[in-house]
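Residue numbers start from 1 in every chain, and the chains themselves are labelled A, B, ... in the order their sequence lines are given, proteins ahead of strands.
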Amino acid sequence: MRYLFIVKANQGPEPTPALMEAMHKLAQREIQAGRMLDDGGLAPLAMGCQVSVERGELKVLDGPFIEAKEMIGGYAVFDLPGPAEALASAREFMQLHKDFMPGWEGTCEVRAIAGSMTQGR
Amino acid sequence: MSQSDIHRAILGVWRVEQPRLIASLARLLRDVPLAEELTQDALVAALECWPESGVPERPGAWLMATAKTRALDHLRRAPMLARRHGMIAAALEVEQSAMPDFDSTLDDDIGDEMLRLIFTACHPLLSPDARAALALRMLCGLTTQEIARAFLLAESTVAQRIVRAKRLLSESGLSYETPQAEERSRRLPTVLNVIYLIFNEGYTAARGDDWLRPQLCDEARRLGRVLLALKPDEPEAHGLVALMELNASRNEARVDPEGHPILLMDQDRGLWDTLQIRRGLEALGHARMLGGGAGFFTLQAAIAACHARAQTPGDTDWHSIVGLYNQLSVLTPSPVIELNRAVAVSMVSGPERALEIIAALEDSGALKNYHLLPSVRGDLLYRLGRIGEARAAFTAAAALTGNSRERALLKQRADALESGRHVEN
(Lines give C-alpha, C1' and ligand atoms only; values in the text may rest on other atoms or scores of the structure.)
Protein backbone atom coordinates (compact mmCIF):
# COMPACT_ATOMS: atom_id res chain seq x y z
CA MET A 1 0.00 0.00 0.00
CA ARG A 2 1.28 3.46 -0.83
CA TYR A 3 1.23 6.32 1.64
CA LEU A 4 1.78 10.02 1.20
CA PHE A 5 3.49 11.69 4.14
CA ILE A 6 2.98 15.45 4.27
CA VAL A 7 4.95 17.43 6.81
CA LYS A 8 3.37 20.73 7.90
CA ALA A 9 5.01 23.24 10.15
CA ASN A 10 4.59 26.80 11.28
CA GLN A 11 6.51 29.30 9.23
CA GLY A 12 9.78 29.46 11.05
CA PRO A 13 13.47 28.78 10.80
CA GLU A 14 14.84 26.35 8.22
CA PRO A 15 15.70 22.82 9.43
CA THR A 16 19.09 22.69 11.17
CA PRO A 17 21.98 20.90 9.45
CA ALA A 18 21.82 18.20 12.16
CA LEU A 19 18.18 17.52 11.35
CA MET A 20 18.85 17.57 7.63
CA GLU A 21 21.62 15.01 8.10
CA ALA A 22 19.48 12.74 10.27
CA MET A 23 16.63 12.89 7.75
CA HIS A 24 19.01 12.12 4.94
CA LYS A 25 20.27 9.03 6.76
CA LEU A 26 16.75 7.85 7.46
CA ALA A 27 15.82 8.36 3.81
CA GLN A 28 18.87 6.33 2.76
CA ARG A 29 17.81 3.50 5.02
CA GLU A 30 14.26 3.60 3.72
CA ILE A 31 15.43 3.51 0.11
CA GLN A 32 17.72 0.56 0.88
CA ALA A 33 14.76 -1.20 2.50
CA GLY A 34 12.78 -0.72 -0.73
CA ARG A 35 10.12 1.28 1.09
CA MET A 36 10.60 4.89 0.08
CA LEU A 37 9.54 5.66 -3.47
CA ASP A 38 9.96 9.41 -3.54
CA ASP A 39 10.60 12.34 -1.25
CA GLY A 40 11.30 16.01 -1.44
CA GLY A 41 11.49 19.26 0.45
CA LEU A 42 9.47 22.18 -0.83
CA ALA A 43 10.89 25.59 -1.71
CA PRO A 44 9.50 28.51 0.32
CA LEU A 45 5.84 29.34 -0.16
CA ALA A 46 6.82 32.74 -1.57
CA MET A 47 8.15 30.97 -4.65
CA GLY A 48 4.83 29.27 -5.28
CA CYS A 49 1.29 30.42 -5.92
CA GLN A 50 -2.26 29.46 -5.15
CA VAL A 51 -5.16 29.23 -7.57
CA SER A 52 -8.54 28.83 -5.96
CA VAL A 53 -12.21 28.91 -6.82
CA GLU A 54 -14.29 31.14 -4.57
CA ARG A 55 -17.95 31.95 -5.09
CA GLY A 56 -17.68 30.80 -8.66
CA GLU A 57 -14.63 32.96 -9.39
CA LEU A 58 -11.06 31.95 -10.07
CA LYS A 59 -8.67 33.63 -7.69
CA VAL A 60 -4.92 33.70 -8.14
CA LEU A 61 -2.66 34.43 -5.21
CA ASP A 62 1.09 34.61 -5.64
CA GLY A 63 2.63 35.47 -2.35
CA PRO A 64 3.94 36.57 0.00
CA PHE A 65 1.08 34.78 1.90
CA ILE A 66 1.50 36.64 5.17
CA GLU A 67 -1.69 35.13 6.55
CA ALA A 68 -0.59 31.53 6.13
CA LYS A 69 0.50 30.21 9.49
CA GLU A 70 1.09 26.58 8.61
CA MET A 71 2.79 25.46 5.44
CA ILE A 72 3.79 22.21 3.86
CA GLY A 73 7.54 21.78 4.12
CA GLY A 74 8.05 18.42 2.50
CA TYR A 75 6.55 15.15 1.42
CA ALA A 76 7.44 11.51 0.94
CA VAL A 77 5.78 8.56 -0.75
CA PHE A 78 6.19 5.17 0.92
CA ASP A 79 5.27 1.65 -0.08
CA LEU A 80 4.48 -0.13 3.20
CA PRO A 81 2.70 -3.32 4.25
CA GLY A 82 -0.07 -1.50 6.11
CA PRO A 83 -1.25 1.25 8.47
CA ALA A 84 0.75 -0.04 11.45
CA GLU A 85 4.02 0.32 9.53
CA ALA A 86 2.95 3.73 8.22
CA LEU A 87 2.27 4.99 11.73
CA ALA A 88 5.55 3.58 13.06
CA SER A 89 7.45 5.13 10.19
CA ALA A 90 5.88 8.57 10.74
CA ARG A 91 6.59 8.41 14.47
CA GLU A 92 10.23 7.67 13.79
CA PHE A 93 10.43 10.56 11.35
CA MET A 94 8.89 13.03 13.76
CA GLN A 95 11.06 11.78 16.63
CA LEU A 96 14.05 12.92 14.56
CA HIS A 97 12.61 16.46 14.51
CA LYS A 98 12.15 16.32 18.27
CA ASP A 99 15.71 15.09 18.81
CA PHE A 100 17.59 17.19 16.30
CA MET A 101 15.70 20.45 16.26
CA PRO A 102 14.44 21.29 19.76
CA GLY A 103 11.55 23.71 19.71
CA TRP A 104 10.34 22.66 16.28
CA GLU A 105 6.61 22.12 16.04
CA GLY A 106 4.70 20.51 13.22
CA THR A 107 2.61 17.65 11.96
CA CYS A 108 3.21 14.70 9.72
CA GLU A 109 -0.02 13.77 8.00
CA VAL A 110 -0.14 10.16 6.80
CA ARG A 111 -2.56 9.44 3.97
CA ALA A 112 -3.13 6.13 2.18
CA ILE A 113 -3.16 6.63 -1.57
CA ALA A 114 -6.45 5.41 -3.00
CA GLY A 115 -6.22 2.73 -5.65
CA SER A 116 -3.00 1.33 -4.19
CA MET A 117 -4.93 -0.57 -1.54
CA THR A 118 -5.08 -4.04 -3.01
CA GLN A 119 -3.88 -5.18 0.37
CA GLY A 120 -6.08 -7.41 2.48
CA ARG A 121 -8.41 -8.67 -0.19
CA MET B 1 -7.53 -0.97 21.25
CA SER B 2 -7.93 -4.73 21.23
CA GLN B 3 -5.12 -7.11 22.05
CA SER B 4 -4.64 -8.00 18.39
CA ASP B 5 -4.59 -4.30 17.39
CA ILE B 6 -1.81 -3.73 19.91
CA HIS B 7 0.12 -6.68 18.54
CA ARG B 8 -0.34 -5.46 15.00
CA ALA B 9 0.93 -2.00 16.01
CA ILE B 10 3.99 -3.46 17.74
CA LEU B 11 4.68 -5.70 14.77
CA GLY B 12 4.53 -2.60 12.57
CA VAL B 13 7.09 -0.77 14.70
CA TRP B 14 9.34 -3.82 14.74
CA ARG B 15 9.02 -4.28 10.99
CA VAL B 16 10.13 -0.70 10.32
CA GLU B 17 13.26 -1.27 12.42
CA GLN B 18 13.91 -4.86 11.34
CA PRO B 19 16.21 -4.35 8.32
CA ARG B 20 18.62 -2.16 10.25
CA LEU B 21 18.35 -4.41 13.29
CA ILE B 22 19.23 -7.63 11.50
CA ALA B 23 21.95 -5.99 9.41
CA SER B 24 23.70 -4.45 12.42
CA LEU B 25 23.44 -7.66 14.45
CA ALA B 26 24.75 -9.78 11.60
CA ARG B 27 27.77 -7.52 11.28
CA LEU B 28 28.37 -7.52 15.01
CA LEU B 29 28.02 -11.28 15.48
CA ARG B 30 29.29 -12.36 12.09
CA ASP B 31 26.40 -14.80 11.97
CA VAL B 32 23.29 -14.19 9.87
CA PRO B 33 21.06 -17.01 11.20
CA LEU B 34 21.84 -16.00 14.79
CA ALA B 35 21.13 -12.35 13.99
CA GLU B 36 17.75 -13.34 12.57
CA GLU B 37 16.92 -15.27 15.71
CA LEU B 38 17.84 -12.33 17.91
CA THR B 39 15.62 -9.90 15.99
CA GLN B 40 12.78 -12.38 16.59
CA ASP B 41 13.69 -12.51 20.29
CA ALA B 42 13.57 -8.73 20.39
CA LEU B 43 10.09 -8.82 18.85
CA VAL B 44 8.91 -11.31 21.47
CA ALA B 45 10.35 -9.07 24.20
CA ALA B 46 8.55 -6.05 22.73
CA LEU B 47 5.28 -7.96 22.59
CA GLU B 48 5.74 -8.74 26.28
CA CYS B 49 6.76 -5.28 27.46
CA TRP B 50 5.17 -2.66 25.24
CA PRO B 51 1.49 -3.41 25.88
CA GLU B 52 2.24 -2.35 29.49
CA SER B 53 4.88 0.32 29.04
CA GLY B 54 3.81 1.74 25.70
CA VAL B 55 6.04 1.98 22.65
CA PRO B 56 9.31 3.67 23.68
CA GLU B 57 10.32 6.95 22.06
CA ARG B 58 13.14 5.33 20.16
CA PRO B 59 11.92 1.79 19.53
CA GLY B 60 14.89 0.99 17.29
CA ALA B 61 17.35 1.65 20.10
CA TRP B 62 15.23 -0.37 22.54
CA LEU B 63 15.04 -3.35 20.21
CA MET B 64 18.76 -3.16 19.48
CA ALA B 65 19.67 -3.00 23.17
CA THR B 66 17.41 -5.95 23.91
CA ALA B 67 18.83 -8.00 21.06
CA LYS B 68 22.38 -7.24 22.19
CA THR B 69 21.63 -8.36 25.73
CA ARG B 70 20.23 -11.60 24.36
CA ALA B 71 23.29 -11.98 22.16
CA LEU B 72 25.53 -11.65 25.18
CA ASP B 73 23.45 -14.26 27.06
CA HIS B 74 23.71 -16.54 24.09
CA LEU B 75 27.47 -16.16 23.79
CA ARG B 76 27.96 -16.74 27.52
CA ARG B 77 25.71 -19.76 27.50
CA ALA B 78 27.29 -21.36 24.49
CA PRO B 79 30.60 -23.01 25.29
CA MET B 80 33.46 -21.02 23.88
CA LEU B 81 33.48 -22.81 20.59
CA ALA B 82 35.88 -20.39 19.15
CA ARG B 83 38.01 -17.55 20.32
CA ARG B 84 35.86 -15.43 18.06
CA HIS B 85 32.94 -15.78 20.50
CA GLY B 86 35.06 -14.44 23.33
CA MET B 87 36.15 -11.47 21.29
CA ILE B 88 32.64 -10.59 20.20
CA ALA B 89 31.36 -10.93 23.75
CA ALA B 90 34.09 -8.64 25.07
CA ALA B 91 33.32 -6.03 22.44
CA LEU B 92 29.62 -6.24 23.27
CA GLU B 93 30.25 -5.78 26.97
CA VAL B 94 32.31 -2.67 26.38
CA GLU B 95 29.54 -1.31 24.26
CA GLN B 96 26.87 -2.18 26.83
CA SER B 97 28.72 -0.42 29.62
CA ALA B 98 29.10 2.75 27.58
CA MET B 99 26.34 5.38 27.53
CA PRO B 100 23.67 4.26 25.14
CA ASP B 101 23.94 6.26 21.97
CA PHE B 102 20.45 6.43 20.61
CA ASP B 103 21.13 7.52 17.11
CA SER B 104 24.29 5.50 16.55
CA THR B 105 22.19 2.88 14.80
CA LEU B 106 21.22 5.51 12.26
CA ASP B 107 24.87 6.00 11.38
CA ASP B 108 25.31 2.47 10.14
CA ASP B 109 25.44 2.16 6.41
CA ILE B 110 23.69 -1.17 6.13
CA GLY B 111 24.07 -1.51 2.36
CA ASP B 112 26.80 -4.15 2.29
CA GLU B 113 25.14 -6.05 5.09
CA MET B 114 21.77 -6.10 3.28
CA LEU B 115 23.51 -7.48 0.23
CA ARG B 116 25.04 -10.21 2.37
CA LEU B 117 21.61 -11.02 3.82
CA ILE B 118 20.12 -11.32 0.35
CA PHE B 119 22.84 -13.63 -0.89
CA THR B 120 22.69 -15.73 2.28
CA ALA B 121 18.92 -16.14 2.18
CA CYS B 122 19.07 -17.03 -1.51
CA HIS B 123 22.01 -19.42 -1.28
CA PRO B 124 22.04 -22.02 -4.09
CA LEU B 125 22.56 -24.75 -1.48
CA LEU B 126 19.01 -24.18 -0.21
CA SER B 127 15.86 -25.38 -1.95
CA PRO B 128 13.85 -22.71 -3.79
CA ASP B 129 11.06 -22.94 -1.19
CA ALA B 130 13.52 -22.47 1.66
CA ARG B 131 15.09 -19.48 -0.11
CA ALA B 132 11.72 -17.81 -0.48
CA ALA B 133 10.80 -18.42 3.15
CA LEU B 134 14.16 -17.14 4.43
CA ALA B 135 14.03 -14.07 2.21
CA LEU B 136 10.54 -13.16 3.41
CA ARG B 137 11.57 -13.68 7.00
CA MET B 138 15.01 -12.03 7.02
CA LEU B 139 14.52 -9.30 4.44
CA CYS B 140 10.82 -8.47 4.65
CA GLY B 141 10.33 -9.17 8.35
CA LEU B 142 7.37 -11.47 7.79
CA THR B 143 6.51 -13.76 10.68
CA THR B 144 6.36 -17.52 10.19
CA GLN B 145 2.60 -17.31 10.53
CA GLU B 146 2.36 -14.68 7.79
CA ILE B 147 4.58 -16.69 5.45
CA ALA B 148 2.51 -19.82 6.11
CA ARG B 149 -0.70 -17.95 5.37
CA ALA B 150 0.74 -16.44 2.20
CA PHE B 151 1.89 -19.79 0.84
CA LEU B 152 -1.17 -21.68 2.13
CA LEU B 153 1.02 -23.95 4.23
CA ALA B 154 0.85 -25.12 7.83
CA GLU B 155 2.78 -22.86 10.19
CA SER B 156 4.78 -25.84 11.45
CA THR B 157 5.84 -26.68 7.88
CA VAL B 158 7.24 -23.19 7.34
CA ALA B 159 8.86 -23.10 10.78
CA GLN B 160 10.58 -26.40 10.07
CA ARG B 161 11.67 -25.23 6.64
CA ILE B 162 13.28 -22.12 8.14
CA VAL B 163 14.97 -23.99 10.99
CA ARG B 164 16.39 -26.57 8.58
CA ALA B 165 17.61 -23.90 6.16
CA LYS B 166 19.36 -21.97 8.91
CA ARG B 167 20.93 -25.13 10.29
CA LEU B 168 22.16 -26.08 6.83
CA LEU B 169 23.73 -22.65 6.43
CA SER B 170 25.44 -22.84 9.83
CA GLU B 171 26.71 -26.37 9.34
CA SER B 172 28.04 -25.53 5.89
CA GLY B 173 30.02 -22.62 7.25
CA LEU B 174 27.84 -20.16 5.37
CA SER B 175 26.45 -18.22 8.31
CA TYR B 176 28.53 -15.19 7.38
CA GLU B 177 29.90 -15.54 3.91
CA THR B 178 31.24 -12.78 1.76
CA PRO B 179 30.84 -13.66 -1.88
CA GLN B 180 33.23 -11.70 -4.08
CA ALA B 181 31.94 -9.54 -6.88
CA GLU B 182 32.44 -12.24 -9.48
CA GLU B 183 30.60 -14.86 -7.46
CA ARG B 184 27.84 -12.40 -6.71
CA SER B 185 27.29 -11.87 -10.40
CA ARG B 186 27.19 -15.62 -10.93
CA ARG B 187 24.64 -16.06 -8.17
CA LEU B 188 22.49 -13.07 -9.06
CA PRO B 189 20.11 -15.12 -11.27
CA THR B 190 19.28 -17.28 -8.22
CA VAL B 191 18.43 -14.17 -6.23
CA LEU B 192 16.27 -12.79 -9.04
CA ASN B 193 14.48 -16.12 -9.34
CA VAL B 194 13.64 -16.14 -5.63
CA ILE B 195 12.12 -12.68 -5.89
CA TYR B 196 10.23 -13.71 -9.03
CA LEU B 197 8.96 -16.87 -7.32
CA ILE B 198 7.59 -14.82 -4.43
CA PHE B 199 5.98 -12.37 -6.85
CA ASN B 200 4.35 -15.10 -8.92
CA GLU B 201 3.06 -16.94 -5.89
CA GLY B 202 1.06 -13.79 -5.20
CA TYR B 203 0.33 -12.84 -8.79
CA THR B 204 -0.94 -16.09 -10.24
CA ALA B 205 -1.84 -17.91 -7.02
CA ALA B 206 -1.70 -21.45 -8.33
CA ARG B 207 -3.75 -22.80 -5.47
CA GLY B 208 -6.42 -21.68 -3.08
CA ASP B 209 -9.50 -19.49 -3.20
CA ASP B 210 -8.02 -16.10 -4.07
CA TRP B 211 -6.78 -15.50 -7.54
CA LEU B 212 -4.44 -12.83 -6.32
CA ARG B 213 -2.48 -12.49 -3.09
CA PRO B 214 -1.17 -8.95 -3.38
CA GLN B 215 0.82 -9.05 -0.15
CA LEU B 216 3.39 -11.33 -1.76
CA CYS B 217 3.48 -9.16 -4.89
CA ASP B 218 4.15 -6.13 -2.69
CA GLU B 219 6.91 -7.85 -0.72
CA ALA B 220 8.57 -9.05 -3.92
CA ARG B 221 8.45 -5.55 -5.38
CA ARG B 222 10.06 -4.11 -2.26
CA LEU B 223 12.75 -6.82 -2.43
CA GLY B 224 13.38 -5.90 -6.05
CA ARG B 225 13.88 -2.28 -5.04
CA VAL B 226 16.26 -3.32 -2.24
CA LEU B 227 18.35 -5.14 -4.81
CA LEU B 228 18.28 -2.19 -7.21
CA ALA B 229 19.38 0.23 -4.52
CA LEU B 230 22.34 -2.03 -3.74
CA LYS B 231 23.25 -3.21 -7.22
CA PRO B 232 22.16 -0.51 -9.63
CA ASP B 233 24.29 -1.80 -12.51
CA GLU B 234 22.64 -5.16 -13.07
CA PRO B 235 20.37 -4.91 -16.12
CA GLU B 236 18.33 -8.01 -15.29
CA ALA B 237 17.55 -6.67 -11.80
CA HIS B 238 16.02 -3.63 -13.51
CA GLY B 239 14.26 -5.98 -15.93
CA LEU B 240 12.73 -7.95 -13.07
CA VAL B 241 11.61 -4.79 -11.27
CA ALA B 242 10.08 -3.55 -14.53
CA LEU B 243 8.26 -6.83 -15.05
CA MET B 244 6.88 -6.86 -11.51
CA GLU B 245 5.78 -3.22 -11.58
CA LEU B 246 4.09 -3.57 -14.95
CA ASN B 247 2.29 -6.78 -14.05
CA ALA B 248 1.26 -5.56 -10.60
CA SER B 249 -0.02 -2.30 -12.10
CA ARG B 250 -3.00 -4.32 -13.29
CA ASN B 251 -3.83 -5.88 -9.90
CA GLU B 252 -6.85 -3.67 -9.21
CA ALA B 253 -8.31 -4.51 -12.60
CA ARG B 254 -7.63 -8.25 -12.51
CA VAL B 255 -10.42 -9.22 -10.12
CA ASP B 256 -14.03 -8.09 -9.82
CA PRO B 257 -15.51 -7.11 -6.45
CA GLU B 258 -16.47 -10.74 -5.80
CA GLY B 259 -12.89 -11.85 -6.42
CA HIS B 260 -13.47 -13.42 -9.84
CA PRO B 261 -10.58 -13.09 -12.27
CA ILE B 262 -10.88 -10.67 -15.19
CA LEU B 263 -8.71 -11.46 -18.20
CA LEU B 264 -6.27 -8.92 -19.62
CA MET B 265 -8.30 -8.03 -22.70
CA ASP B 266 -11.49 -7.52 -20.64
CA GLN B 267 -9.96 -5.33 -17.93
CA ASP B 268 -10.97 -1.73 -17.25
CA ARG B 269 -7.69 -0.07 -18.18
CA GLY B 270 -8.65 2.99 -16.18
CA LEU B 271 -7.96 0.91 -13.07
CA TRP B 272 -4.38 0.23 -14.06
CA ASP B 273 -1.98 1.94 -11.69
CA THR B 274 -0.26 4.67 -13.66
CA LEU B 275 2.49 5.28 -11.10
CA GLN B 276 3.50 1.64 -11.24
CA ILE B 277 3.38 1.67 -15.03
CA ARG B 278 5.62 4.72 -15.06
CA ARG B 279 8.07 3.10 -12.67
CA GLY B 280 7.97 -0.10 -14.69
CA LEU B 281 8.68 1.67 -17.97
CA GLU B 282 11.47 3.60 -16.30
CA ALA B 283 13.09 0.39 -15.01
CA LEU B 284 12.73 -1.16 -18.45
CA GLY B 285 14.54 1.84 -19.89
CA HIS B 286 17.37 1.37 -17.38
CA ALA B 287 17.66 -2.33 -18.19
CA ARG B 288 18.01 -1.54 -21.87
CA MET B 289 20.40 1.33 -21.26
CA LEU B 290 22.63 -1.08 -19.34
CA GLY B 291 22.66 -3.40 -22.34
CA GLY B 292 20.18 -5.93 -20.97
CA GLY B 293 17.53 -5.67 -23.66
CA ALA B 294 17.77 -9.35 -24.49
CA GLY B 295 17.65 -10.69 -20.91
CA PHE B 296 14.98 -13.10 -19.67
CA PHE B 297 13.21 -10.68 -17.36
CA THR B 298 13.73 -7.65 -19.57
CA LEU B 299 12.13 -9.36 -22.57
CA GLN B 300 9.11 -10.29 -20.48
CA ALA B 301 8.95 -6.76 -19.12
CA ALA B 302 9.02 -5.47 -22.70
CA ILE B 303 5.99 -7.65 -23.49
CA ALA B 304 4.18 -6.35 -20.41
CA ALA B 305 5.09 -2.82 -21.53
CA CYS B 306 3.36 -3.39 -24.89
CA HIS B 307 0.15 -4.07 -22.97
CA ALA B 308 0.72 -1.20 -20.55
CA ARG B 309 1.14 1.28 -23.41
CA ALA B 310 -2.06 0.21 -25.18
CA GLN B 311 -4.91 2.58 -24.32
CA THR B 312 -7.45 0.02 -25.54
CA PRO B 313 -7.10 -3.71 -26.30
CA GLY B 314 -7.26 -2.82 -30.00
CA ASP B 315 -4.16 -0.62 -29.64
CA THR B 316 -1.99 -3.56 -28.54
CA ASP B 317 1.17 -3.88 -30.62
CA TRP B 318 0.90 -7.62 -31.25
CA HIS B 319 3.61 -7.57 -33.92
CA SER B 320 6.19 -6.43 -31.35
CA ILE B 321 4.86 -8.95 -28.84
CA VAL B 322 5.30 -11.83 -31.30
CA GLY B 323 8.85 -10.64 -31.99
CA LEU B 324 9.63 -10.52 -28.26
CA TYR B 325 8.20 -14.00 -27.70
CA ASN B 326 10.30 -15.27 -30.60
CA GLN B 327 13.40 -13.85 -28.91
CA LEU B 328 12.34 -15.27 -25.57
CA SER B 329 11.75 -18.78 -26.91
CA VAL B 330 15.22 -18.77 -28.48
CA LEU B 331 16.78 -17.57 -25.20
CA THR B 332 14.98 -20.02 -22.93
CA PRO B 333 12.96 -22.58 -24.86
CA SER B 334 9.98 -23.41 -22.64
CA PRO B 335 6.52 -24.81 -23.33
CA VAL B 336 4.87 -22.04 -21.27
CA ILE B 337 6.57 -19.35 -23.36
CA GLU B 338 5.55 -21.26 -26.48
CA LEU B 339 1.93 -21.24 -25.27
CA ASN B 340 2.03 -17.48 -24.75
CA ARG B 341 3.65 -17.05 -28.13
CA ALA B 342 0.71 -18.94 -29.63
CA VAL B 343 -1.72 -16.39 -28.19
CA ALA B 344 0.28 -13.52 -29.67
CA VAL B 345 0.58 -15.28 -33.03
CA SER B 346 -3.19 -15.74 -33.11
CA MET B 347 -3.62 -11.97 -32.83
CA VAL B 348 -1.28 -11.30 -35.76
CA SER B 349 -1.73 -14.31 -38.06
CA GLY B 350 -5.06 -15.75 -36.93
CA PRO B 351 -6.19 -18.66 -34.75
CA GLU B 352 -5.28 -21.38 -37.25
CA ARG B 353 -1.57 -20.57 -37.08
CA ALA B 354 -1.76 -20.54 -33.31
CA LEU B 355 -3.52 -23.90 -33.23
CA GLU B 356 -0.56 -25.38 -35.08
CA ILE B 357 1.71 -24.27 -32.23
CA ILE B 358 -0.76 -25.66 -29.69
CA ALA B 359 -0.92 -28.99 -31.54
CA ALA B 360 2.86 -29.27 -31.45
CA LEU B 361 2.80 -28.55 -27.72
CA GLU B 362 0.16 -31.20 -27.14
CA ASP B 363 2.17 -33.73 -29.12
CA SER B 364 5.21 -33.04 -26.96
CA GLY B 365 3.16 -33.84 -23.84
CA ALA B 366 5.03 -31.13 -21.92
CA LEU B 367 2.03 -29.27 -20.53
CA LYS B 368 -0.44 -32.13 -20.27
CA ASN B 369 -1.48 -31.11 -16.74
CA TYR B 370 -1.39 -27.36 -17.30
CA HIS B 371 -4.90 -25.90 -17.44
CA LEU B 372 -3.93 -22.93 -19.61
CA LEU B 373 -3.09 -25.20 -22.56
CA PRO B 374 -6.71 -26.39 -23.09
CA SER B 375 -7.94 -22.95 -21.99
CA VAL B 376 -6.02 -21.19 -24.79
CA ARG B 377 -7.03 -23.93 -27.22
CA GLY B 378 -10.67 -23.36 -26.24
CA ASP B 379 -10.28 -19.67 -26.96
CA LEU B 380 -8.81 -20.26 -30.40
CA LEU B 381 -11.46 -22.85 -31.31
CA TYR B 382 -14.18 -20.49 -30.15
CA ARG B 383 -12.83 -17.75 -32.40
CA LEU B 384 -12.97 -20.20 -35.31
CA GLY B 385 -16.59 -20.99 -34.49
CA ARG B 386 -15.79 -24.59 -33.50
CA ILE B 387 -18.09 -24.33 -30.51
CA GLY B 388 -18.38 -27.97 -29.48
CA GLU B 389 -14.62 -28.44 -29.42
CA ALA B 390 -14.17 -25.16 -27.57
CA ARG B 391 -16.61 -26.26 -24.88
CA ALA B 392 -14.76 -29.55 -24.41
CA ALA B 393 -11.47 -27.68 -24.10
CA PHE B 394 -12.78 -25.29 -21.42
CA THR B 395 -14.25 -28.21 -19.49
CA ALA B 396 -10.90 -30.00 -19.62
CA ALA B 397 -9.13 -26.83 -18.46
CA ALA B 398 -11.52 -26.39 -15.52
CA ALA B 399 -10.74 -29.93 -14.36
CA LEU B 400 -7.01 -29.18 -14.36
CA THR B 401 -6.74 -25.91 -12.42
CA GLY B 402 -6.09 -25.93 -8.67
CA ASN B 403 -7.48 -22.44 -8.15
CA SER B 404 -11.18 -22.35 -7.38
CA ARG B 405 -11.75 -18.86 -8.86
CA GLU B 406 -10.15 -19.85 -12.11
CA ARG B 407 -12.08 -23.11 -12.19
CA ALA B 408 -15.33 -21.18 -11.85
CA LEU B 409 -14.36 -18.85 -14.70
CA LEU B 410 -13.49 -21.75 -17.02
CA LYS B 411 -16.66 -23.65 -16.14
CA GLN B 412 -18.67 -20.54 -16.81
CA ARG B 413 -17.13 -20.22 -20.25
CA ALA B 414 -17.90 -23.87 -21.02
CA ASP B 415 -21.47 -23.52 -19.75
CA ALA B 416 -22.05 -20.38 -21.78
CA LEU B 417 -21.20 -22.32 -24.92
CA GLU B 418 -23.43 -25.21 -23.86
CA SER B 419 -26.55 -23.10 -23.65
CA GLY B 420 -25.70 -21.27 -26.82
CA ARG B 421 -25.20 -17.97 -24.93
CA HIS B 422 -21.91 -17.27 -26.62
CA VAL B 423 -19.82 -14.75 -24.73
CA GLU B 424 -18.45 -12.28 -27.22
CA ASN B 425 -14.73 -11.62 -26.84
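- Using a 4.5 Å cut-off between heavy atoms, B:E219 contacts chain A through its side chain alone, with no backbone atom that close.
- Top candidate by heavy-atom pairs under 4.5 Å with chain A, chosen from B:P19, B:G141, B:C140, B:A9, is B:P19.
- Ionic pairing of A:E30 and B:R20 is not present here: no N-O contact between side-chain nitrogen and carboxylate oxygen is shorter than 4.0 angstrom.
- Proximity to chain B is absent for every atom of A:L87, based on heavy atoms less than 4.5 angstrom apart.
- At most 12 heavy atoms of other shown residues, nucleotides or ligands fall within 6.0 angstrom of atom CD in A:E14.
- When side chains are defined from C-beta on, A:P81 counts as touching B:R15, because their heavy atoms get closer than 4.5 Å.
- A:I31 and B:A229 make their closest contact through O-CB, 4.0 Å (heavy atoms, listed as atom of the first residue, atom of the second, distance).
- Inter-residue side-chain proximity for A:R2 and B:L275 is flagged as met; some heavy-atom pair is nearer than 4.5 Å.
- Here A:A84 is the residue among A:S89, A:P83, A:A84 with the most heavy-atom pairs under 4.5 Å with chain B.
- Side-chain contact check for A:R29 versus B:V16: some heavy-atom pair is nearer than 4.5 Å.
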* Is there a side chain to side chain contact (heavy atoms under 4.5 Å, CB included) between A:K98 and B:E57 once you walk through the steps? -> CA-CA 10 Å; A:K98 187 165 170 282; B:E57 273 201 347; 2.6 Å; yes
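- Here the CD atom belonging to A:Q32 is positioned 9.0 Å from the CG atom belonging to B:D112, to the nearest 0.5 angstrom.
- The closest side-chain heavy-atom distance from B:P59 to A:R91 is not below 4.5 Å.
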Using residues 99-108 of chain A as the side-chain source, report each donor-acceptor pair under 3.5 Å to any protein atom, sequence neighbours left out, with the distance given to one decimal.
from, atom 1, to, atom 2, distance (Å)
A:D99, OD1, A:Q95, NE2, 3.1
A:D99, OD1, B:R58, NH2, 2.7
A:D99, OD2, B:R58, NE, 3.1
A:D99, OD2, B:R58, NH2, 3.4

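- For A:D38 and B:R279, the salt-bridge test fails: no basic side-chain N is under 4.0 Å from an acidic carboxylate O.
- Judged purely by atom type and a 3.5 angstrom limit, B:R222 uses its side chain to pair as donor or acceptor with the backbone of A:D79.
- The shortest side-chain heavy-atom distance between B:E17 and A:E92 falls under the 4.5 Å cut-off.
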